[in-house]
Amino acid sequence: MSSPAPHLAEAALAQQPLAQNLVQSVDWLAVAPPTLTAVVGLVVLVTDLFVKDARKPLLGWIAIAGLAASALMLLPLAGDDRSTFCLTGEPGVCSYTADTFTLAVQFLVLGGALLTALLSVTAVKDAERGLPEGEFWFLLLSSAAGAALLPASRDLATLVVALEVASLPAFALVGLRQGDRKSSEAALKFFLSSVTATAVSLMGISFLYATTGTLYLTQVAERVQHVDGQFTTLAQTGAVLTLVGFAFKTAAVPFHFWVPDTYVGAPLPIAAYLSVVGKAVGFCGLILVTVVALPSYADVWGPALAALAALTMTVGNVGALRQQATRAYSAVRLLAWSSVGQAGYLLVPIAAAAYSDDPEHSIGSTVAYALMYAAVNLGAFAVAALVGRTRSLNRVADYRGLYASNPLTALLLAFFLLCLAGLPPGVIGLFAKVTVFSAAVDAGLGWLAVVMAVNVVIALFYYLHWTALLFRTPEDATAGHRAPAPLTAALTVTAVLAVALSGAPQLILRFADTGLF
């Protein structure tokens, strides 16, 4: 009678390759930026339990240091595409990829979060415990970690998880001010509309999974072309529904209605964060779902995004145009409606990618424009935060004669507004708009280019009106605005970035001429 030992050994050897195939290696350098941000968030949360109230400001500086370190972790990744969490046997099918597109957006996200943190140090101090510091910094870092993960996501499951990790803390940040009814209402509106959009998007993803049998974007792109004829409509419906959730994040019309009230109700640094990082999250999702996962369905999402772009820029600019200078919080509302209009410009190259022979060129135009918009829009919000310290209603009329009381701040705001308008000396704004305009023309979307040109003219009116107001004679004597050190640092960084990009626009416009994926 033979011993069972040899049979057991053979069985173990037979099982060994399978066990090895189940093990995935992790490239810790590739995942370092979002991972480090999340770890610092946990450190802040735990430290908050042991730090006395008098030393709570230390938490903000830990958060700032963590975001700066996360941004620096992008440097070793530059110039080299790295992927991790890949399928065994199929190294090209991965859940996480750090390529040029990923690094550019992660730089935008982490840089935007860092500037938001600098603005928040002053806001939290001025709130006099109206904003719980430990919770605030933990939520901000958590949201930034999710936002940094999203551009690297290459499967639909990771994409949705990253979207929700970025979104859920943002709901809490909007409504975190204790005893503020306006803030609570803004958070509730933001939460309900976002959850509805996410549910619709998840239904679309389930349709795509049902018709393709995979969640990996590259596999979806391949298999969706061979879907059985009876399931084609289901796959197309899934594509449209999936885009809804990301269109909400970009504040595209008709998913924009939450923006003005949310920006007004949120702490001003969080409004700035949503206007830049929140938009980056939405546009990343749109790009990955359309250009990477569903290029064969360009005839479905291309016209839809082109119509959304035209509608969004028109509604946003008309909404900004109608703001009354004497209305409470009109400066924040104007920036909110302006951000909706800017979202329309950002959608143009993505729509153009559906009709272009070189979709990466079109996507590069969106990335370049987003980087420009992030720098100057955060600068405008930084000035609004400075003025809001002495003018709590933050009306556009409150900026009248700002040059007389604070010349440097007035000049910076004027420069930021001219960049957004696309007028010299804001050269980077002009070049970024020309890049977006050329993407539409090259793709044969002449009608969309005309709509964009009309909207640029509309936007000139309210940007120039606000700019002119800065240099008028003030109605009453006003004291200069003293800026705390963190706020000064945020203003300085945004000003340096805007001026440097205007002097050397090729630093970001090169993304329109190089491959991103």
ask   = Taking atom CG of Leu159 and atom OG of Ser95, what is their separation to the nearest 0.5 Å?
value = 11.0 Å
query = So, does Gln225 use its side chain to make a donor-acceptor pair with the main chain of Ala221 at under 3.5 Å?
reply = yes
ask   = Do other residues, nucleotides or ligands put more than 12 heavy atoms under 6.0 Å from the CD atom of Glu135?
value = yes
ask   = Yes or no on side chain to side chain contact (heavy atoms under 4.5 Å, CB included) for Val31 and Phe85, after CA distance, side-chain angles and deciding distance?
value = CA-CA 10 Å; Val31 302; Phe85 301 110; 4.0 Å; yes
request  = Rounded to the nearest 0.5 Å, what's the gap from OG1 on Thr312 to CZ on Phe255? Could you check?
outcome  = 9.0 Å
key: Closest contact, heavy atoms only, Leu192 versus Thr196   = O-OG1, 2.9 Å
note = CG of Leu115 to CG of Leu491, rounded to nearest 0.5 Å, is 10.0 Å
query = Does anything in residues 180-204 pair up under ring-ring contact (aromatic ring centres under 6.0 Å, His included), and if so which pairs, sequence neighbours excluded?
reply = Phe171-Phe190, Phe171-Phe191, Phe190-Trp258
Which atom of Ala280 lies closest to which atom of Leu108, heavy atoms considered = CB-CD2, 3.7 Å
message = Is there a side-chain contact between Phe138 and Leu42 in this structure, where contact means two heavy atoms from C-beta onward sitting under 4.5 Å apart?
response = yes
Test item: Ile428 and Ile508 side chains (from C-beta on) under 4.5 Å apart, heavy atoms = yes
message = What I'd like to find out is whether the side chain of Leu335 reaches to under 4.5 Å of the side chain of Phe381, using heavy atoms alone.
response = yes
request  = Without swapping roles, check the side chain of Asn455 against the backbone of Val451 for a donor-acceptor pair under 3.5 Å.
outcome  = yes
inquiry  = Looking at Lys189, is its backbone amide N or carbonyl O close enough to the side chain of Ser193 to form a donor-acceptor pair, meaning the two atoms are under 3.5 Å apart?
reply    = yes
message = Within the structure provided, determine whether Pro132 and Leu176 are in side-chain contact (heavy-atom separation under 4.5 Å).
response = yes
request  = Go through the steps to decide whether Phe246 and Leu163 satisfy the test side chain to side chain contact (heavy atoms under 4.5 Å, CB included), and finish with yes or no.
outcome  = CA-CA 9 Å; Phe246 297 105; Leu163 177 65; 4.0 Å; yes
request  = Check Ala353 against Ile363 and note the closest heavy-atom contact, atom names and distance.
outcome  = CB-CD1, 4.2 Å
note = Sorted by chain and residue number, the side-chain contact (heavy atoms from CB on, under 4.5 Å) partners of Ala186 (sequence neighbours excluded) come out as Val174
message = How close do Val259 and Ser339 get, counting heavy atoms only, and between which atoms?
response = CG1-OG, 4.1 Å
query = Taking the side chain from Thr102 and the backbone from Pro151, do they hold a donor-acceptor pair closer than 3.5 Å?
reply = yes
note = In terms of heavy-atom contacts, Leu305 and Leu347 come closest through CD2-CD2, 4.4 Å
inquiry  = Atom OH of residue position Tyr297 - does it have more than 12 heavy atoms of other residues, nucleotides or ligands inside 6.0 Å?
reply    = yes
query = With a 4.5 Å limit on heavy-atom distance, are the side chains of Thr218 and Arg154 in contact?
reply = no
request  = Check whether any side-chain N or O of Thr97 sits under 3.5 Å from a backbone N or O of Asp99 as a donor-acceptor pair, and report yes or no.
outcome  = no
message = Does any part of the side chain of Lys125, heavy atoms only, come nearer than 4.5 Å to the side chain of Pro57, both counted from C-beta?
response = no
query = Hey, are Arg181 and Glu185 close enough for a salt bridge, meaning a charged N less than 4.0 Å from a carboxylate O?
reply = yes
note = Rounded to the nearest 0.5 Å, the CZ atom of Phe283 sits from the CD1 atom of Ile350 at a distance of 5.5 Å
query = Within the side chain of Asn377, is there an N or O that forms a donor-acceptor pair under 3.5 Å with the backbone of Tyr373?
reply = no
query = More than 12 foreign heavy atoms under 6.0 Å from CG of Asp228: is that the case here?
reply = yes
task = Without swapping roles, check the side chain of Arg223 against the backbone of Thr212 for a donor-acceptor pair under 3.5 Å.
result = yes
Donor-acceptor under 3.5 Å (Ser153 side chain, Leu149 main chain) = yes
request  = Drop me the distance from Leu215's CG to Thr158's OG1, to the nearest 0.5 angstrom.
outcome  = 8.5 Å
ask   = With a 4.5 Å heavy-atom cut-off, do Asn317 and Tyr345 have their side chains touching?
value = yes
message = Would you say that Val121 contacts Trp61 through its side chain, given a criterion of any heavy-atom pair below 4.5 Å between the two side chains?
response = yes
request  = Might you work through the side chain to side chain contact (heavy atoms under 4.5 Å, CB included) test for Val376 and Thr494, ending with a clear yes or no?
outcome  = CA-CA 6 Å; Val376 299; Thr494 53; over 6 Å; no
task = Tell me, with the steps shown, if Ser167 and Ser194 meet side chain to side chain donor-acceptor pair (under 3.5 Å).
result = CA-CA 8 Å; Ser167 301; Ser194 181; 4.9 Å; no
query = Ignoring hydrogens and geometry, is there a side-chain-to-backbone donor-acceptor pair from Trp301 to Leu294 under 3.5 Å?
reply = yes
query = Are Asp261 and Arg333 ion-paired here, with the side-chain N under 4.0 Å from a carboxylate O?
reply = yes
request  = Verify, without hydrogens or angle tests, whether Lys433 (side chain) and Leu420 (backbone) share a donor-acceptor contact under 3.5 angstrom.
outcome  = yes
message = Just verifying a value: how many Å separate Leu36 CG and Met73 CE, rounded to the nearest 0.5 Å?
response = 7.0 Å
remark   = Correct closest heavy-atom pair for Ala123 and Leu131 would be O-CD1, 4.3 Å
ask   = Step by step, would you call Val160 with Ser201 a side chain to side chain contact (heavy atoms under 4.5 Å, CB included)?
value = CA-CA 9 Å; Val160 171; Ser201 187; 5.5 Å; no
Pair Tyr273-Ser143, side chain to side chain donor-acceptor pair (under 3.5 Å): steps then yes or no = CA-CA 10 Å; Tyr273 177 82; Ser143 180; 2.7 Å; yes
